[in-house]
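Since the model is a prediction, treat every value here as computed from it, not as a measurement.
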Amino acid sequence: MPANPKYLTPAFWPRFAKITAAILGGYFVSVTFHLALASWFYRPEVLMTMAFSGFILWVILMVLAFLAKSGLKIWGIYILLSLFFSLLIYLGQTYNPTA
C-alpha cells in the first residue's frame, strides 16, 4: 500500500533541508558535544567513548531531524547547539588546559 500523499513533502528544498540537517547537522552536534566533554574531562576516555556513543547520538539526532516539521528550524536548533558546545570547548581549553 503506498504512502498517504498528505504526509509526503512534495517540494525539493524542505526535503533537502531535512536530509542535510539529519546528516550534517546531527554529526556536527554529536562531535561538538563530545569534544566539549573532552575539553573538561579526561580526554582519552571521552574520545574512546565517543567512538560508540557519538554514533548513537548521531542516529538519534537524525531521527529527530526527520520528525521535525521544518528543516530550517531543525537546522537552526542544530547550529545553535553546535555553537553552544563550541563555546564550551573554548572555555574548557582556556580554563582547563591540562584535562
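Hydrophobic cluster membership is shared by Phe85 and Leu87, with clusters built from Ile, Leu, Val, Met, Phe, Trp and Tyr side chains linked at under 4.5 angstrom. Residues Ile23 and Val29 are members of separate hydrophobic clusters, defined by side-chain heavy-atom contacts under 4.5 angstrom among Ile, Leu, Val, Met, Phe, Trp and Tyr.
You'll find the side chain of Trp40 stays beyond 4.5 Å of the side chain of Ile89, heavy atoms only. Residues Lys69 and Ile74 have side chains not in contact (no heavy-atom distance under 4.5 Å, counting atoms from C-beta outward).
Considering only residues two or more places apart in sequence or on other chains, Phe28 meets the ring-ring contact (aromatic ring centres under 6.0 Å, His included) condition with none of them. Taking Trp58 as the reference, nothing meets the side chain to side chain donor-acceptor pair (under 3.5 Å) condition, with sequence neighbours excluded. The side chain to side chain donor-acceptor pair (under 3.5 Å) test applied to Thr49 returns no partner, not counting sequence neighbours.
Looking at every heavy atom in both residues, Val46 comes nearest to His34 through CG1-O, 3.5 Å. Between Gly71 and Ala21, the shortest heavy-atom distance links the atoms O-CB, 4.4 Å. Considering all non-hydrogen atoms of both residues, Gly54 and Ser30 come closest at O-OG, 2.9 Å. Across Leu72 and Ala17, no two heavy atoms sit closer than the pair N-CB, 4.3 Å. Considering all non-hydrogen atoms of both residues, Ser39 and Gln93 come closest at CB-NE2, 3.5 Å. In terms of heavy atoms, Leu88 sits closest to Ala36 at CB-CB, 4.0 Å.
A side-chain donor-acceptor contact under 3.5 Å links Lys18 to the backbone of Ala68.
Taking the six-membered ring where the residue is Trp, the centroids of Tyr78 and Trp75 are separated by 6.0 Å or more.
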> Hey, mind stepping through Phe66 and Ile19 against side chain to side chain contact (heavy atoms under 4.5 Å, CB included) and telling me if it holds?
Replying inline: CA-CA 8 Å; Phe66 285 112; Ile19 292 170; 4.0 Å; yes
